[in-house]
2 protein chains.
Amino acid sequence: MSGQALSALADPTRRELLERLARGEASATVLARDLPISRQAVVQHLGVLDAAGLVRSSRHGREVRWSPRPDGLIAAAAWLTGLAEEWDRRLAAIKAIAEG
Amino acid sequence: MSGQALSALADPTRRELLERLARGEASATVLARDLPISRQAVVQHLGVLDAAGLVRSSRHGREVRWSPRPDGLIAAAAWLTGLAEEWDRRLAAIKAIAEG
DNA sequence: ATGTGGTGCAACCTCAGGCTTGCACATCAA
DNA sequence: TTGATGTGCAAGCCTGAGGTTGCACCACAT
């Protein structure tokens, strides 16, 4: 579940792009200006984020603007918290047995 | 932040290991029995998870048992939800302007 | 003492991911 | 129409992650 989102979030450049998009939509060319990589690299990263359902694109004339999409992120976070809670329950049970 | 945890969680095998450990601690040899990979591969995955603060190991005689550690997972989930909330606020603001 | 099962270390291989470069196509302004 | 700017496509490079194999080292039981 939501594995695509997690592997998309694994890359630091992609996380930087997401935080940048959280402050307003932007095109790949503009995004590349603030990064030490080429525009094409940014485009590929955006493609990965798009496939993971974390961003969406909209054409405006000759430029393509990208904006964040919270759904996938929320799903990934839910998966993590779910697993964390399971661990907590499990560890609490072990502790209780040890102290019993 | 918590990038190590996210990249550790990116691999499906590692996520499977975590879910397996959530049902009780186990050794690398035992874990490898349920997986289509060698014990050494499992050991390396556990090393990554350990470096990310997601598991811990304890020696019992000649075997090493691994157990989950929720802290890193909670931190990663918090990072995700924080970013998701920021996106929600931003998108809500844009929508409000558009409707205004 | 000896065999057996679990672990640690290291070298090696393979392939996908991240990035670049080059060029063609589309859009807007003069 | 011409030039400038933004995008799309494709081929290619290169490092690192995931995996394997082989062997040496401990701990336990007989």
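Predicted model only: the values in this text are computed from it and were never measured. Sequence lines set the chain letters: A, B, ... in the order given, protein chains first and strands last, and positions in each chain run from 1.
- Distances shorter than 4.0 Å separate none of the side-chain N or O atoms of B:S27 from OP1 or OP2 on C:dG6.
- OP1 and OP2 of C:dC19 both lie 4.0 Å or more from every side-chain N or O belonging to A:R14.
- Side-chain N or O atoms of A:R15 include one that pairs as donor or acceptor with a backbone N or O of A:L9 at under 3.5 Å.
- Taking atom CD of residue B:Q44 and atom P of nucleotide D:dT20, one finds them 9 Å apart after rounding to whole Å.
- For B:R39 and C:dG8, a side-chain-to-base donor-acceptor distance below 3.5 Å is present, hydrogens and geometry of angles not being considered.
- To the nearest angstrom, P of C:dG6 lies 16 Å from CD of B:E25.
- We find that A:R56 and A:D50 are not joined by a salt bridge, their nearest charged nitrogen and carboxylate oxygen being 4.0 Å or further apart.
- In this structure, the nucleotide among D:dG6, D:dT21, C:dC19 sitting nearest to the side chain of A:T29 is D:dG6.
- The CG-C1' distance, from A:L31 to D:dT7, rounds to 14 Å in whole Å.
- A salt bridge links B:E63 to B:R65: one of the charged nitrogens lies within less than 4.0 Å of a carboxylate oxygen.
- At a threshold of 4.5 Å between side-chain heavy atoms, the hydrophobic network of Ile, Leu, Val, Met, Phe, Trp and Tyr places A:L80 and A:I74 in two separate groups.
- Interatomic distance, A:L17 CG to A:L31 CG, rounded to the nearest 0.5 Å: 5.5 Å.
- Rounded to the nearest 0.5 angstrom, B:L18 CG and B:W66 CH2 are separated by 12.0 Å.
- For the OP1/OP2 pair of D:dT20 and a distance below 4.0 Å, the side-chain nitrogens and oxygens of B:S38 include at least one atom meeting the criterion.
- In terms of polar N and O atoms assigned as donor or acceptor, the side chain of A:Q40 never comes within less than 3.5 Å of the base of D:dT7 in a complementary pairing.
- Although no hydrogens or angles enter the test, the distance criterion places no donor-acceptor pair under 3.5 Å between the side chain of A:R20 and the main chain of A:D34.
- Contacts of residues 46-68 of chain B with DNA chain D (heavy atom under 4.0 Å): B:G61, B:R62.
- Atom CG of B:D11 and atom C1' of D:dG19 are 11 Å apart (whole Å).
- Distance CG (B:L9) to P (D:dA17): 16 Å, rounded to an integer number of Å.
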